[in-house]
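Taking it in order: structure first as structure tokens, then the write-up.
Below, read A as the first sequence line, B as the second, and so on, with proteins coming before strands; counting in each chain starts at 1. Quick caveat, the model's predicted, so the values are computed rather than measured.
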Number of protein chains: 2
Amino acid sequence: MTVQRADARRNHALILAVAEKEVAAHGANASLEQIARTAGVGSATVRRHFPSRRALLSAVFGKRIDDLRARAVDLAEADDPRAALLDWLSALTAYATSARGMADALLQDGGDDADHADACSLRLGGAVDPLLRRAVRAGAVAPEVTTADLITLVTGLALATEHHPNPAAEANRLLTLTVRGISPQS
Amino acid sequence: MTVQRADARRNHALILAVAEKEVAAHGANASLEQIARTAGVGSATVRRHFPSRRALLSAVFGKRIDDLRARAVDLAEADDPRAALLDWLSALTAYATSARGMADALLQDGGDDADHADACSLRLGGAVDPLLRRAVRAGAVAPEVTTADLITLVTGLALATEHHPNPAAEANRLLTLTVRGISPQS
DNA sequence: TGCTAAGTGGCGGGGTCCTCCGTATCGTAC
DNA sequence: GTACGATACGGAGGACCCCGCCACTTAGCA
């Protein structure tokens with residue numbers, strides 16, 4: 001594993017590009033076979049570059065994850081800590097519902113013993129942590145809430161609204177409900 | 001379709017019993033083929049009694065659904081409307097997390113054009129509605145909240161915590177978080 | 001220009017879902 | 001008690017998928 005060969009790098013990019021479209025069209029369990037066929041490579045090659053379906057999903061959504069991280073960094077300096085956090089949650093919800101399969105990708109890392117280096121949710125969590133802690137310091141969020149909690153909640157929302165006529169709208173509605181609380185009563 | 005033949009009824013019950021164990025063991029996408037094999041019937045027979053996987057799941061969790069309905073009826077007369085609703089939500093969470101695949105069953109009805117007669121969530125919703133409306137009248141819950149919202153939220157929680165070391169505990173923790181609100185601010 | 005290791009792709013095995021169709025069985029009418 | 005028709009059964013077969021193996025090609029270095 002000194003350095004990847006040129007053709008390998010090319011195939012990697014090609015497969016990734018095809019996989020993006022395929023996952024967008026058919027969700028998290030798109031056919032790896034079909035991806036290989038469309039990309040014009042053998043199915044073994046797909047498996048070689050992405051040993052598990054999770055690895056593929058993780059790579060596919062890598063860019064979106066980066067976008068969200070960048071967004072979190074931007075928002076970390078906004079005036080209103082609470083609004084900033086809510087903004088970011090809303091963005092996460094939009095991403096998670098628009099990109100079919102992203103929710104699954106976010107969830108299922110940590111489930112198996114995979115290397116956590118490129119695990120989606122961890123990469124996200126790190127970037128959001130400052131945002132959350134600032135909101136906590138401002139008294140807008142209870143101190144025991146973790147970034148993992150937030151991500152889990154939103155991905156759950158995305159999963160649960162997947163079969164809805166308008167997932168994004170529904171998820172967003174439920175998000176505001178979750179933010180306000182079903183029955184705060186405090 | 002005058003009346004089912006005796007052997008058909010027997011097979012129906014047999015398949016259901018096997019399916020319960022199999023779903024408990026392997027989740028919502030247990031192998032129908034395996035169920036048929038264990039039950040000692042042809043795979044076509046399974047499909048004849050339960051045309052879709054959803055139909056099978058719906059039947060499998062029918063009893064639990066009934067339990068939850070009964071629970072809702074009981075709680076409908078409790079002293080504290082808010083506590084009653086929260087009680088029921090907690091029960092739903094416990095069920096949804098303990099029974100692997102139940103969350104999927106609750107979600108995916110309505111997704112396709114199936115007959116909604118025996119759809120899980122509808123059967124649940126009807127029973128919970130009084131509970132919810134009472135809580136709304138008591139001012140504990142915002143009036144625009146629907147039973148479908150509650151069920152969606154909880155199933156989302158169950159799905160999102162499925163890969164957690166201790167799903168039930170985690171889901172319950174997140175439920176209280178959702179009830180109180182991430183950031184109520186009111 | 002050769003050589004070697006990295007990379008490839010096709011094949012076969014095992015599994016699932018689903019449909020079709022010949023056959024066995026139940027329940028009834030005689 | 002028997003014969004018959006509708007009902008229900010189960011196995012075969014096609015299409016698809018995931019996965020591992022292994023002979024072959026090709027890139028990149030000397």
Side-chain angles (χ1 to χ4, degrees), chain A residues 1-19 21-60 100-101 104-105 108-109 111-114, chain B residues 1-60 100-101 104-105 108-109 111-115:
Chain A
M1 180 63 71
T2 55
V3 69
Q4 233 179 4
R5 244 167 58 173
D7 54 345
R9 245 178 296 127
R10 228 177 315 132
N11 270 340
H12 187 94
L14 172 60
I15 292 171
L16 198 51
V18 172
K21 295 176 191 169
E22 210 63 25
V23 168
H26 301 106
N29 38 10
S31 163
L32 303 185
E33 211 78 14
Q34 176 63 34
I35 291 175
R37 232 173 291 132
T38 306
V41 303
S43 65
T45 300
V46 172
R47 303 195 53 72
R48 197 169 298 113
H49 284 285
F50 305 98
S52 69
R53 157 170 267 108
R54 223 204 80 244
L56 182 59
L57 289 178
S58 181
V60 165
R100 297 192 54 180
D104 303 73
Q108 291 171 2
D109 49 12
D112 38 10
D113 56 344
Chain B
M1 182 64 72
T2 55
V3 69
Q4 233 179 6
R5 243 168 58 176
D7 55 345
R9 244 176 297 127
R10 227 178 315 133
N11 269 340
H12 187 93
L14 173 60
I15 292 170
L16 199 51
V18 172
E20 277 182 28
K21 296 177 191 166
E22 211 63 25
V23 169
H26 301 106
N29 37 9
S31 162
L32 303 184
E33 211 77 16
Q34 177 62 32
I35 291 174
R37 231 174 291 131
T38 307
V41 303
S43 66
T45 299
V46 171
R47 303 197 52 73
R48 197 170 296 114
H49 283 284
F50 305 98
S52 68
R53 157 171 265 110
R54 222 206 80 243
L56 181 61
L57 290 177
S58 181
V60 163
R100 295 192 54 178
D104 302 74
Q108 290 171 1
D109 48 11
D112 39 10
D113 56 346
D115 53 344

Rounded to whole angstrom units, what separation is found between the [atom1] atom of [X] and the [atom2] atom of [N]?
| X | N | atom1 | atom2 | result |
| --- | --- | --- | --- | --- |
| A:L14 | C:dG7 | CG | P | 16 Å |
| A:H12 | C:dT8 | NE2 | P | 11 Å |
| A:F50 | C:dT8 | CZ | P | 11 Å |
| A:Q4 | C:dA5 | CD | P | 19 Å |
| A:N29 | C:dC17 | CG | P | 13 Å |
| A:E33 | C:dC11 | CD | C1' | 12 Å |
| A:L32 | D:dG20 | CG | P | 12 Å |

Contact nearer the 5' end of DNA chain D, comparing B:A8 with A:S31: B:A8
Contact residues, residues 34-48 of chain B to DNA chain C [heavy atom, < 4.0 Å]: B:R37, B:S43, B:A44, B:R47
Close residues, residues 15-26 of chain B, relative to DNA chain C [heavy-atom separation under 4.0 Å]: none
Set of residues satisfying ring pair (Phe, Tyr, Trp, His ring centres under 6.0 Å) with respect to A:H26, sequence neighbours excluded: none
From CA spacing to verdict: side-chain contact (heavy atoms from CB on, under 4.5 Å), A:F50, A:L16: CA-CA 9 Å; A:F50 305 98; A:L16 198 51; 4.1 Å; yes
Note, B:I15 side chain near B:V18 side chain (heavy atom, < 4.5 Å): no
Atom pair CG/CD of A:L32 and A:E22 - distance to nearest 0.5 Å: 10.0 Å
Between CD1 on residue B:I35 and CD on residue B:E20, distance to nearest 0.5 Å: 10.5 Å
Taking every non-hydrogen atom, the tightest pair across B:A19 and B:L56: CB-CD1, 3.8 Å
Shortest non-hydrogen contact between A:A36 and A:S43, atoms and distance: CB-CA, 3.7 Å
Could you write out each protein N or O paired with an N or O of nucleotides 25-27 of chain D at a distance under 3.5 Å?
residue : atom : partner : partner atom : Å
D:dT26  : O2   : A:R5    : NH1          : 3.4

Any A:N11 side-chain N or O less than 4.0 Å from OP1/OP2 of C:dG7: no
Below 4.0 Å: OP1/OP2 of C:dT8 and any side-chain N or O of A:H49: yes
Under the side chain to side chain contact (heavy atoms under 4.5 Å, CB included) test, residues paired with B:N29 that sit two or more places apart: B:R53
Passing candidate, salt bridge (charged side-chain N to carboxylate O under 4.0 Å, His left out) with B:D7, options B:R10, B:R9, B:R5: B:R5
Inter- and intrachain pairs under side chain to side chain donor-acceptor pair (under 3.5 Å), touching residues 31-42 of chain B, at least two apart: B:Q34-B:R37, B:Q34-B:T38
